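Please read the structure below before turning to the comments.
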Amino acid sequence: MEIEPAEEVKEPPRIHRLDEPVVNRIAAGEVIQRPVSAVKELVENSLDASSTSISVLVKDGGLKLIQVSDDGHGIRYEDLPILCERHTTSKLSKYEDLQSIKSMGFRGEALASMTYVGHVTVTTITRGQLHGYRVSYRDGVMENEPKACAAVKGTQIVIENLFYNMIARRKTLQNSADDYTKIVDLLSRFAIHHIDVSFSCRKHGAARADVHSVATPSRLNAIRSVYGLLVAQNLIKIEASDHDPSSSVFEMDGFISNSNYVAKKTTMVLFINDRLVECTALKRALEVVYVATLPKASKPFIYMSITLPPEHVDVNVHPTKREVSLLNQEVIVEKMQSVVESVLRNSNESRTFQEQTVEATPSVPSVTNNDLHLSPSPSGSKSQRVPVNKIVRTDSSDPAGRMHAYLYKNPQKYLGRDSSLTTVRSSVRQRRNLKETADLTSIQELINDIDSKCHSDLLDIVRQSTYVGMADDVFALLQHNTHLYLANVVNLRAGVKKASVETHSKIQLLGIFCSKELMYQQVLRRFAHFNAIQLSEPAPLQELIMLALKEEDLDLESNENDELKKKIAEMNTQLLKQKSEMLEEYFCIFIDSDGNLSRLPILLDQYTPDMDRVPEFVLCLGNDVEWEEEKNCFQSLAAALGNFYAMHPPMLPNPSGKGLEFYRKRKHGKHTQDKGNYSCHVGDGTAEKDEFEHELLSEAETAWAQREWSIQHVLFPSMRLFLKPPNSMASNGTFVRVASLEKLYKIFERC
Ligand code: ADP
Ligand code: MG
């Protein structure tokens with residue numbers, strides 16, 4: 001029998017102390033894992049130094065060079081020798097300080113770590129000094145005495161050849177995708193939280209910065225400038241707080257994407273006590289809410305800033321401080337989840353147009369949607385001075401004259417306080433299976449019609465163009481490549497609507513579709529799946545129709561037709577009442593059994609039609625819709641809605657042009673009509689100051705500004721996404737190429 005040779009008995013290995021440089025390098029590798037972690041540490045140092053401007057320059061994904069310059073308080077000359085030693089910090093003295101730490105750094109490790117894995121040079125100047133100092137570091141120590149040098153306010157830290165002494169790390173980083181995108185992403189996040197600081201991030205050799213934010217008081221502005229319009233316009237503000245020490249104490253505010261936002265990846269920008277952190281549990285929890293609540297189930301964009309008592313947050317749990325640990329984390333995650341869920345549910349189910357004060361429990365946010373702000377009604381007596389044929393509005397207290405009075409004030413009342421999640425979800429499910437429900441062949445045919453008549457070159461222009469501005473009341477200027485286009489945003493199709501045509505300039509002749517066509521297409525696409533605009537009080541159809549009829553023949557100054565008008569109004573009301581079931585089911589136009597209109601469809605999120613046009617629309621429903629045949633009926637209804645929702649110029653003339661004359665106070669019939677001189681008239685040798693109807697003027701200014709906003713922020717982005725421009729638009733003047741930029745430049749050069 002063979003005996004296996006006894007295994008060689010292994011002696012326990014000897015334990016020995018690592019050399020200090022090895023220890024430091026290992027530790028450094030943990031703190032500075034990649035170039036982006038170095039940038040994070042440096043930017044946090046700049047923020048801790050109360051900087052108002054921070055710029056980052058990166059070469060070769062950060063491996064060759066990272067340079068962070070700030071305008072903060074600088075570093076004292078006396079501190080330079082120990083600046084890059086491990087555990088040297090100005091932010092913490094004793095362990096207990098960690099409990100209330102406000103600065104981002106506290107370990108005094110970042111700069112030291114960088115000197116073990118790269119070459120660090122610091123240039124800094126403190127207040128009141130005539131010159132600054134520059135000094136380089138390696139392995140925690142100064143390489144030379146600080147040299148006096150010229151310097152601008154603040155500190156500049158340069159790291160060269162990162163990981164020069166960590167071959168494996170450098171190789172993996174070189175092979176993996178560049179860290180530059182991560183650095184841009186990081187700076188973008190900082191930029192939308194620290195909105196009082198301007199940030200820039202640029203690749204070495206590039207003329208343009210990839211992040212460029214300027215200090216602004218508005219978070220939304222910051223998001224717009226960093227993440228772009230498409231993100232910013234699809235955000236809902238959220239706010240919540242809880243002050244119950246037995247469960248959780250926090251304040252939260254932020255922005256979350258709405259149902260129009262589409263993205264493949266979640267963007268979650270989370271700050272806890274002003275620290276940029278990650279919290280996978282929260283992120284997942286919120287993603288779940290989006291999947292359950294929104295039809296498109298897109299990945300969300302979320303910016304959230306949570307403030308907790310400092311003693312509830314342990315900031316010292318991760319080597320790069322990327323994560324923090326929270327007391328009652330589950331409770332907080334759950335609260336955030338329910339806040340986001342209720343905000344989304346409200347924005348998704350019913351669009352309303354004022355502060356939606358969602359039930360008053362402490363943890364539920366108030367949603368403010370500034371974009372949908374409606375101007376308050378002016379007093380009725382003032383409006384009387386305006387020729388009534390110019391504006392339908394008569395008296396703010398007369399609901400028939402002012403549609404704004406109908407806008408719903410409290411969405412909850414209508415939705416029912418217990419609008420349960422299950423009903424919401426089933427409606428969501430329904431909407432997801434759009435194909436299943438909208439299988440009426442007539443609608444499909446109308447949609448196919450749109451597709452088959454789509455002009456591919458125009459589609460390309462619409463998709464790729466950028467909005468330059470409004471050229472006049474009707475035309476917007478767009479740029480596509482090097483060409484400028486005028487696009488008619490209203491569509492003044494001949495004979496469709498005479499109102500306010502006369503106030504426009506020659507280019508109106510180029511007029512055709514845009515918003516009207518888009519709205520028409522939206523009606524067909526969203527057919528039977530609309531969200532609702534709720535009117536605050538049901539509006540009696542009969543009165544609306546009377547109003548519209550009276551407006552039609554105002555100039556005739558006749559009352560004798562009143563009886564006839566009443567008859568027409570009655571008949572039309574009857575007709576619409578009969579059709580109410582279909583109108584509600586397919587078009588979300590809700591007419592109750594008493595003949596009151598109380599709900600309208602949302603064709604584009606964030607957009608309400610001009611409510612002063614409701615009477616005209618209701619009349620049009622009665623007169624112009626072909627009720628007999630299904631396809632014609634749907635088409636004419638969609639056209640009527642399209643016309644109503646189109647972005648017509650407001651009824652009040654544009655005060656920024658010739659229209660200003662309209663608002664001048666008439667004095668004893670001695671009204672001056674001089675065109676082009678609105679500031680001061682000289683008559684009988686005495687200067688007479690102009691007086692304007694200020695209230696009306698400011699109402700008009702608001703209306704025009706709001707319209708321009710909607711055109712830029714709602715219409716054009718939606719056009720880019722949804723509009724299939726029909727062939728006719730290419731020839732009928734909706735889109736007109738007005739100039740090529742090359743030619744314009746040549747002209748300017750000659751000047
Ligand atoms: P920590 O931030 O944890 O204190 P660091 O190694 O990042 O440690 O920085 C060490 C110290 O250097 C800081 O405490 C701070 O006093 C100083 N410092 C670093 N960067 C800057 C800067 N950009 N401006 C002013 N002081 C700075
Ligand atoms: Mg630091």
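Computation of the quantities below employed the complete heavy-atom set of this structure, encompassing side-chain atoms and omitting hydrogens, waters and symmetry-equivalent molecules. Treat the numbers as computed from the prediction; the structure is a model and nothing was measured. Atoms within each ligand, like the ligands themselves, are counted from 1 in listed order.
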What orientation do F190 and H194 show, parallel under 30°, tilted 30 to 60°, or perpendicular over 60°?
tilted
Per-atom contacts of ligand 1 with A110, taking only distances under 4.0 Å to non-hydrogen atoms:
6 (O), 7 (O)
Among all protein heavy atoms, pick out the one at the shortest distance from atom 23 (N) of ligand 1; state its residue, atom name and that distance to 0.1 Å.
D70 OD2, 2.9 Å
Please determine whether a side-chain nitrogen of the Lys or Arg among E145 and K147 lies less than 4.0 Å from a carboxylate oxygen of the Asp or Glu.
no
Which atoms of ligand 1 are found less than 4.0 Å from any heavy atom of A49?
24 (N), 25 (C)
Does the residue G72 have a heavy-atom contact with ligand 1, meaning some pair of atoms that are separated by less than 4.0 Å?
no
Pull out every atom of ligand 1 sitting under 4.0 Å from any heavy atom of H73, numbered as shown with elements.
25 (C), 26 (N)
Report, as yes or no, whether the 6.0 Å neighbourhood of atom CZ on R134 holds more than 12 heavy atoms from other residues, nucleotides or ligands.
no
Parallel, tilted or perpendicular: rings of Y227 and F301 (30°, 60°)
perpendicular
Between R127 and H73, is there a side-chain donor-acceptor contact under 3.5 Å, judged purely by atom types and distance?
no
Does an N or O anywhere in K91 fall below 3.5 Å from an N or O of ligand 1?
yes
Here the atoms of ligand 1 under 4.0 Å from any heavy atom belonging to F106 are 1 (P), 3 (O)
Numbered atoms of ligand 1 (with element) below 4.0 Å of G74, judged on heavy atoms:
25 (C), 26 (N)
Quick one, I157 with V120, criterion side chain to side chain contact (heavy atoms under 4.5 Å, CB included). Give me CA distance, side-chain angles, the key distance, then yes/no.
CA-CA 7 Å; I157 298 189; V120 176; 4.1 Å; yes
Going by distance only, is there an N or O of I157 that falls short of 3.5 Å from an N or O of ligand 1?
no
In this structure, atom 6 (O) of ligand 1 is nearest to the protein heavy atom L111 N, 3.0 Å
Going by the rule salt bridge (charged side-chain N to carboxylate O under 4.0 Å, His left out), which residues pair with E278 if we only count those two or more places apart in sequence or in a different chain?
R322
Looking only at protein heavy atoms, which one is nearest to atom 9 (O) of ligand 1, and what is the separation?
N45 ND2, 3.8 Å
Close approach, E41 and ligand 1, non-hydrogen under 4.0 angstrom:
no
Check the pair C201, I183 against side chain to side chain contact (heavy atoms under 4.5 Å, CB included), reporting the backbone distance first and the verdict last.
CA-CA 8 Å; C201 178; I183 295 171; 3.9 Å; yes
In this structure, atom 15 (C) of ligand 1 is nearest to the protein heavy atom S90 OG, 3.4 Å
Among all protein heavy atoms, pick out the one at the shortest distance from atom 4 (O) of ligand 1; state its residue, atom name and that distance to 0.1 Å.
T89 OG1, 2.5 Å
Could you check atom 26 (N) of ligand 1 against the protein and tell me its nearest heavy-atom contact, residue, atom and distance included?
I75 CG1, 3.3 Å
The Mg ion (ligand 2) and M104: any N/O/S contact shorter than 2.8 Å?
no
Checking the N or O distance criterion of under 3.5 Å, is ligand 1 in contact with G108?
yes
Where ligand 1 meets T88 - atom numbers and elements under 4.0 angstrom, heavy-atom basis
10 (C)
I'd like to know if K335 pairs up with D242 as an ion pair, taking the criterion as any Lys NZ or Arg NE/NH1/NH2 lying under 4.0 Å from an Asp or Glu carboxylate oxygen.
yes
Might you point out which heavy atoms bring V122 and L83 nearest each other, and give the distance in Å?
CG2-CD2, 3.9 Å
Nearest protein heavy atom with distance in Å, relative to atom 17 (C) of ligand 1:
L83 CD1, 3.9 Å
With a sphere of 6.0 Å drawn around CD of E143, does it hold more than 12 non-hydrogen atoms of other residues, nucleotides or ligands?
yes
Between the side chain of R169 and the main-chain N/O of Q33, is any donor-acceptor distance below 3.5 Å?
yes
